[in-house]
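Input: a single structure, listed below in structure tokens.
Everything numeric in this text was worked out from a predicted model, so none of it was measured. Naming: A, B, ... by sequence-line order, numbering from 1 per chain.
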Number of protein chains: 2
Amino acid sequence: MSVGIRHDDLRRRNRAMVIAAVRRAGQPSRTEIAATTGLSHSTISAISSDLIGEGILTESKPSEAGSLRRGRPQVGLSLNPEAAAVMTVVLSLNFLSVAVIDYAGQVISEEQRRLDTQTMSRDALIGECVGIVRRRLEDPDLDVRSVARIALAIQGITDTHARAMLWSPITPHTDIAFADILEDEFGIPATVENDCNMMAIALRWRDPDRYRDDFIAILLSHGIGMGLVLKGELFTGTHSSGGEFGHMIHQPNGALCRCGRRGCVEAYAGNYAIWRNARQLGEDAEPVADVSDADMRALATAAREKDGPEREAYRKAGEALGYGLGSLFALIDPAPVAMVGVSAAAFDLIEPALREAIAQTAGGQHSKSISFDTEPNELPLIREGCAMRALTFVDQEIFAPGAQARGSVVGKNVA
Amino acid sequence: MSVGIRHDDLRRRNRAMVIAAVRRAGQPSRTEIAATTGLSHSTISAISSDLIGEGILTESKPSEAGSLRRGRPQVGLSLNPEAAAVMTVVLSLNFLSVAVIDYAGQVISEEQRRLDTQTMSRDALIGECVGIVRRRLEDPDLDVRSVARIALAIQGITDTHARAMLWSPITPHTDIAFADILEDEFGIPATVENDCNMMAIALRWRDPDRYRDDFIAILLSHGIGMGLVLKGELFTGTHSSGGEFGHMIHQPNGALCRCGRRGCVEAYAGNYAIWRNARQLGEDAEPVADVSDADMRALATAAREKDGPEREAYRKAGEALGYGLGSLFALIDPAPVAMVGVSAAAFDLIEPALREAIAQTAGGQHSKSISFDTEPNELPLIREGCAMRALTFVDQEIFAPGAQARGSVVGKNVA
DNA sequence: TCTATTTTTTCGAGCCTCGAAAAAATACTG
DNA sequence: CAGTATTTTTTCGAGGCTCGAAAAAATAGA
């Protein structure tokens, strides 16, 4: 049920709008902000003068090209790096990494460590996460009070409210309420995000021309994940992070999937599935725990060299991904796709079968026009997305308080 | 890119909010409206007095229970039926129906006719639609000027902007810009909507407790269609009405579908597919043009009587629907489902295989808790949904002008 | 008839945005 | 180098909107 707009919400929302405009544009002048937001110059002037007074924005040198033009030069507005800081925690298979990022988006400090997520106890896993955050917060160079938010990205399913990990392939434990744990421990607001969703957000910031309102980010790694942006908003399930593309059914009663079920897309296109098929172990073979990136690269090299089981394994992966995408396109219409992860480096081996499969589906009519991009390294993307996510929260909640708390319609912007 | 909120948008949006509250609640008092919208009593008082002055709302008798209570009795506000009227046109296989509906939602007049949509020329089809609308508009009892909008619902794919039918199984012709045609002819704003989306909207109005923020309406008819409401908003594709559940892939390279491709869910669960399997014609048999409702009912009766090819046909349909829903649930999480259309009357034959299939999928963990409801008659639903759609447009655009025109975030409410 | 209670309206205060005009800051021009 | 043109930014008053508090209205009970 939507709710009325109160008078004081107005300023809050427009403040948030101005901050968002500065974050997107880098160093826009007041005039540019007025143009992009549609608000009047006087309003922008008032709001930005407030924000500068509060230490959220700073005036910087006029933008470059300005020196050639006549008239009063534009004054660029930029985010004050010291206004706040956020922390990102990325938890993936056997790997934990954390970074502190200033309000302008620059990394201040970071730390990474390997750990054995699959065998760790629940408490040990939580302990590692809390510990690594604590060490960063104890950094003498860092003003602890400035850390306004923690965003934890995890491979796996999270709940809609971004409070907990519900299930993850990296650990046997389920339902870990990381957000509550971190908030209780440090008194800093925290959220738990799905890794592929963060990839999507990062892609949007990196290349807003290509990844604007509708696009798909697919993680081709040990498992298959997806981040989906539709109509400018991150798509999530009704109760969880959703978008479990890897567990759409490719072949009823087909190959054994890591999730215990049969015939999922992942059971053909995940690293373990490609490995299994390349080694000709049969579709019922228990998925191996992990395949190293080096092994996957070797597999791809072998597949490129001669037509053998390796090549066939990639073909099957392409077919599964193609039919899966075809079904997805039946629901949402075709959109640009980013293939991310180690197997994205082998996309040349996957693409032919994938395109052939898509051509057999409802999305097939535009098969040729569907564009794929590849990015072999998912970790930097996840980190960036996480950082932008956290910063956007700070923008909207801390510096424009209340704008979100009311109306159900507001503030669904992706990062 | 979202846009700032201007000062004059405020009143417009809150006016729209008040109108919406009255439409939903029936005869709410000003106090109730204040409670549901979160606005102050003074604001509601001012807005409703404006709306009454403009003839949009009327004061009606105090609500029933009020007479027993102490204090000044509440005055119910209701929609003025004469404030406007809308027209719905429903075009389905071999059938055209039109209705004029007053602002309060009551049918004023209607007309229906059979026609052979599959063989008609493009011009004849358009001519029939224009003609039936013209006849209604010429009704002497009707004040033509009051018709504020026409909504045309069609079985098939429409574009995102609700301007045109892109493709439909009921006619070989494609890309018919019905909205432009009707607007040019009658000078009344028109939209073109997907039939299953209208079903979803109608279900929401009929039973807002069950069908609130997240649910699925599936049409089991000659073809398989879907209307999807997620997070309170109608889900559409990026370029079309989308949600082509019937053309998700159930079995790669499987049974021949009416769309010319293979293995779609519809190729197992559409009327023609059930018919084909029951008659044991093989999966490559050309889909028949139409199967009468009577024939389908006979098929269901036969299936209930003995275990033969008819029962097996329904089992296969259930399996395809189950795996399809499983894949859908992987993306959006499970949600309540309404099965609509003639085969919904045979849901007892479909359900066992359907539930078994879902249990094999990612949604399967909650298999038992997924609830299905059935409604054998789709036409009334489509009509109702269409009417509510058109009325909501009038509410938002005519009586609260500008509220939509700006911000990209606003007014995405379903019906 | 009077009092208690509830709904609705009225009224002034406080914000917010807007447009127009003024002020500020620069490039061009002769 | 002073004056003019141009562009950006700020200032200021007008108009609107919502809100809270108080008043008015309308009824049930005593």
Side-chain angles (χ1 to χ4, degrees), chain A residues 3-18 22 27-53 57 59-77 400-403 406-407, chain B residues 3-18 22 27-53 57 59-77 400-403 406-407:
Chain A
V3 99
I5 300 174
R6 297 177 24 168
H7 199 240
D8 41 335
D9 287 342
L10 238 175
R11 193 51 174 280
R12 287 171 178 159
R13 291 208 204 180
N14 286 342
R15 275 170 61 104
M17 203 80 53
V18 170
V22 176
Q27 278 201 350
S29 68
R30 293 167 174 80
T31 307
E32 285 175 60
I33 298 175
T36 61
T37 59
L39 298 171
S40 73
H41 288 189
S42 11
T43 302
I44 299 301
S45 181
I47 291 178
S48 44
S49 130
D50 282 0
L51 291 174
I52 290 170
L57 299 184
E59 289 192 333
S60 47
K61 294 293 105 187
S63 52
E64 330 300 299
S67 43
L68 297 174
R69 289 168 50 197
R70 232 182 193 195
R72 179 172 173 173
Q74 304 191 347
V75 180
L77 295 178
R406 303 186 52 86
Chain B
V3 101
I5 301 173
R6 295 176 28 166
H7 199 237
D8 40 336
D9 286 341
L10 239 175
R11 193 51 175 278
R12 288 172 179 161
R13 291 208 203 180
N14 287 341
R15 275 170 61 105
M17 203 81 54
V18 170
V22 176
Q27 276 201 351
S29 69
R30 292 168 174 80
T31 307
E32 286 174 59
I33 298 175
T36 61
T37 59
L39 297 170
S40 72
H41 288 189
S42 11
T43 302
I44 299 301
S45 180
I47 291 178
S48 44
S49 130
D50 283 359
L51 291 173
I52 290 170
L57 299 185
E59 288 191 334
S60 47
K61 293 293 104 186
S63 52
E64 329 300 298
S67 43
L68 296 173
R69 289 168 51 196
R70 233 182 189 194
R72 177 172 176 174
Q74 304 190 347
V75 181
L77 295 178
R406 301 186 53 88

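The shortest side-chain heavy-atom distance between T37(B) and N14(B) does not fall under the 4.5 Å cut-off. Contact of the V75(B) side chain with the S29(B) side chain is not registered, since no non-hydrogen atoms from C-beta on lie closer than 4.5 Å.
A straight line from CG of D9(B) to P of dC15(C) spans 22 Å, rounded to a whole angstrom. The distance from atom CE of M17(B) to atom C1' of dC17(D) is 14 Å, rounded to the nearest whole Å. The distance from atom CZ of R72(B) to atom C1' of dA26(D) is 6 Å, rounded to the nearest whole Å. Look at CG on L57(A): it is 15 Å from C1' on dT9(D), rounded to the nearest Å. Rounded to whole Å, the distance from CZ on R30(B) to P on dT8(C) is 6 Å. A straight line from CD of Q74(B) to C1' of dA28(D) spans 15 Å, rounded to a whole angstrom. If you measure from atom CD1 of I44(B) to atom P of dC17(D), you get 14 Å, rounded to the nearest angstrom.
Counted by atom type alone, S45(A) and S42(A) present zero donor-acceptor pairs between their side chains at under 3.5 Å.
How far CG of L10(B) is from CZ of R15(B): 13.5 Å, rounded to the nearest 0.5 Å.
Residues satisfying the side chain to side chain contact (heavy atoms under 4.5 Å, CB included) criterion with A46(A), sequence neighbours excluded, are R11(A).
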What nitrogen or oxygen pairs link the protein and nucleotides 16-19 of chain C at under 3.5 Å?
residue, atom, partner, partner atom, Å
dC16(C), O2, H7(B), NE2, 3.4
dT17(C), OP1, N14(A), ND2, 2.8
dC18(C), OP2, S40(A), N, 2.9
dC18(C), OP2, S40(A), OG, 2.9
dC18(C), OP2, T43(A), OG1, 2.7
dG19(C), N7, S42(A), OG, 3.2
dG19(C), O6, S42(A), OG, 2.9

All N/O contacts under 3.5 Å from nucleotides 1-4 of chain C to the protein, with atom names and distances to one decimal?
none

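Evaluated for a side chain to side chain contact (heavy atoms under 4.5 Å, CB included) with L77(A), the options I52(A), I44(A), V18(A) yield exactly one hit, I52(A).
Between T31(B) and dT6(C), a side-chain N or O to OP1/OP2 separation shorter than 4.0 Å is absent.
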